2 protein chains.
Amino acid sequence: MPRASAADAARTAWDILVSATDLFAARGFAAVSLDDVAGAAGVTRGAVYHHYRSKAGLFRSVAAKLQSDVATAVVVAAEGAGTDPREQLRAGCHAFLDAITAAPAVRVLLIDAPAVFGWEQWRRLDAEHSVVHLREALAGVGVPDDLLDATTAQLSGAMNEAALWIAQQPRGPEARDAAHRVLDRVLAAAIA
Amino acid sequence: MPRASAADAARTAWDILVSATDLFAARGFAAVSLDDVAGAAGVTRGAVYHHYRSKAGLFRSVAAKLQSDVATAVVVAAEGAGTDPREQLRAGCHAFLDAITAAPAVRVLLIDAPAVFGWEQWRRLDAEHSVVHLREALAGVGVPDDLLDATTAQLSGAMNEAALWIAQQPRGPEARDAAHRVLDRVLAAAIA
DNA sequence: CAGATTACATACGCTCCGTACGTAAAGGAA
DNA sequence: TTCCTTTACGTACGGAGCGTATGTAATCTG
């Protein structure tokens with residue numbers, strides 16, 4: 001089979017990434033083979049291994065993309081919420097809930113990623129992109145240093161579980177509303 | 001090779017379960033083969049498949065055992081905390097943190113289980129054993145019905161993440177102490 | 001325009017899961 | 001005791017799927 005130009009190659013890599021995102025989100029990491037991904041992208045496994053190191057490497061790229069999208073939404077919301085650190089924290093947290101439940105991100109980021117990468121490695125990736133902002137925001141509203149990491153972890157855990165709960169709930173709007181209200185109470189406690 | 005009596009068979013099943021628990025906790029579900037488990041237990045894969053339906057079935061038994069141990073510790077602590085529902089809730093939650101971080105349970109229950117079973121199925125198993133008590137306790141301290149599930153989810157998520165955080169932290173006692181203090185603040189908010 | 005490199009496809013070995021089958025001992029029934 | 005059935009494994013086999021090695025043609029570079 002012939003070969004494509006540099007631009008086409010980038011397109012191929014992108015197609016693979018999109019197909020992989022859809023399949024991983026729908027079936028989970030373990031239930032998706034690289035043949036599935038290659039077939040959905042219209043290429044063979046050779047192409048996948050050319051653009052990504054391994055199945056885990058491909059998954060890493062998928063997760064990084066989703067993570068980045070969520071983080072962007074959070075930052076935008078926080079910056080658009082004025083200058084009060086408390087209000088920025090609130091806006092960012094609520095935006096996180098909405099962003100991570102809207103995308104096909106929930107399963108990939110919150111279920112499979114820790115298992116595929118191992119928790120410590122996943123934690124580092126998460127910390128670099130998303131949790132940094134939460135940690136900084138909590139520091140900004142006066143959470144004491146010795147409780148900062150523990151507070152960040154528990155708040156992050158609460159939001160993640162809330163996202164999973166929303167995603168699985170049949171009544172979408174009501175569940176989302178309830179989750180946001182509970183999150184406000186939890187937030188109030190964390191920054192009290 | 002000869003055959004063992006009924007008592008010996010139960011012992012074999014138990015040995016397999018123990019070996020599997022150790023290996024799954026140490027390396028994670030995906031990185032452990034049934035040959036590894038069989039070898040550690042001193043049998044062949046045939047014995048494993050005789051006592052358990054599949055790799056996932058074996059993992060399910062491992063998770064159920066760990067889950068049951070944690071739940072028992074929580075119930076004992078709650079019952080030993082007097083009759084005040086608030087105090088029972090507090091005692092149960094703190095006992096949960098200690099129990100799940102003490103056992104080799106963290107990785108199995110909080111990282112691999114959701115990925116292996118899928119979140120909804122895992123959620124059902126978890127709800128039956130552990131989260132029921134949390135939900136009942138929260139209802140008992142006056143959390144309104146329309147926020148009960150959301151509160152249960154977020155509190156559970158906060159505790160799970162706290163457990164993972166403790167397990168990964170180099171300074172064990174300090175981290176544990178910080179997590180318990182933050183948990184008290186979160187609890188206070190949830191039941192306010 | 002010729003060699004080097006890129007962008008794939010193809011082919012192969014290896015690991016590992018699940019199942020089918022074999023087998024020998026245990027636990028009754030006569 | 002003796003036979004028969006069932007249990008408790010071990011062994012052997014097929015298939016899926018990952019990763020790597022290799023082939024090949026088009027593109028880029030000088």
Side-chain angles (χ1 to χ4, degrees), chain A residues 1-24 26-63 108 112-113 115-118 121, chain B residues 1-24 26-63 108 112-113 115-118 121:
Chain A
M1 184 152 179
R3 180 199 161 190
S5 71
D8 291 342
R11 168 66 188 247
T12 299
W14 176 256
D15 288 345
I16 291 170
L17 193 73
V18 170
S19 298
T21 301
D22 293 343
L23 288 170
F24 285 147
R27 297 187 220 160
F29 179 79
V32 172
S33 76
L34 290 186
D35 269 323
D36 294 337
V37 174
V43 294
T44 65
R45 279 174 48 249
V48 176
Y49 275 99
H50 178 73
H51 289 285
Y52 303 92
R53 276 186 215 157
S54 62
K55 190 185 179 186
L58 174 59
F59 183 81
R60 187 192 189 89
S61 296
V62 168
V108 169
D112 283 336
V116 172
F117 298 135
Q121 189 184 343
Chain B
M1 183 148 180
R3 181 200 159 187
S5 70
D8 290 343
R11 168 65 188 246
T12 299
W14 175 254
D15 288 346
I16 292 170
L17 193 73
V18 170
S19 298
T21 301
D22 292 343
L23 288 170
F24 285 147
R27 297 187 220 160
F29 179 79
V32 172
S33 76
L34 290 185
D35 268 323
D36 294 338
V37 174
V43 294
T44 66
R45 278 174 48 247
V48 177
Y49 274 100
H50 178 72
H51 289 286
Y52 303 91
R53 276 187 213 157
S54 63
K55 191 187 180 186
L58 172 60
F59 183 81
R60 187 192 188 90
S61 296
V62 168
V108 170
D112 283 336
V116 172
F117 299 134
Q121 188 183 344

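In what follows, every chain begins at residue 1, and chains take the letters A, B, ... in the order their sequences are listed. These numbers were taken from a predicted model, which means no experiment stands behind them.
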From C-beta outward on B/L34, which listed nucleotide comes closest to its side chain: D/dA8, C/dA7, C/dG18? C/dG18
Starting at atom OH of B/Y52, determine the distance to atom P of D/dC9, rounded to an integer number of angstrom. 11 Å
Per A/Y49 side chain, nearest of listed nucleotides D/dC9, C/dG18, D/dG19: D/dG19
Rounded distance in Å - CG (A/D36) to P (D/dA16): 12 Å
Does a nitrogen or oxygen in the side chain of B/H50 sit under 4.0 Å from OP1 or OP2 of D/dC9? no
What is the separation between atom CG on B/D8 and atom P on D/dC9, rounded to the nearest whole Å? 8 Å
Side chains of B/D36 and B/S33: any donor to acceptor distance under 3.5 Å? yes
For A/F29 and D/dG17, what is the distance between atoms CZ and P respectively, to the nearest whole Å? 13 Å
Test side chain to side chain contact (heavy atoms under 4.5 Å, CB included) on A/V43 and A/D15 and set out the steps. CA-CA 9 Å; A/V43 294; A/D15 288 345; over 6 Å; no
Check the distance between D/dC9's C1' and B/D15's CG and give it to me in whole angstrom. 14 Å
Whole angstroms only, please: what is the NZ-C1' distance between B/K55 and C/dT15? 11 Å
Taking only N and O in the side chain of B/T12, is any of them less than 4.0 Å away from OP1 or OP2 of D/dC9? yes
Need one value for B/V32: base, sugar-phosphate or nothing, where a base atom within 4.0 Å counts as base even if backbone is also close, heavy atoms only. sugar-phosphate
For the CG atom of B/D112 and the CZ atom of B/F59, what is their distance to the nearest 0.5 Å? 5.0 Å
5'-most contact on DNA chain D (nearest-nucleotide basis), A/R45 vs B/H51, goes to B/H51
Answer yes or no: does atom CZ of B/R11 have more than 12 heavy-atom neighbours from other residues, nucleotides or ligands under 6.0 Å? no
By the 4.0 Å heavy-atom rule, please label B/S33 as base, sugar-phosphate, or nothing. sugar-phosphate
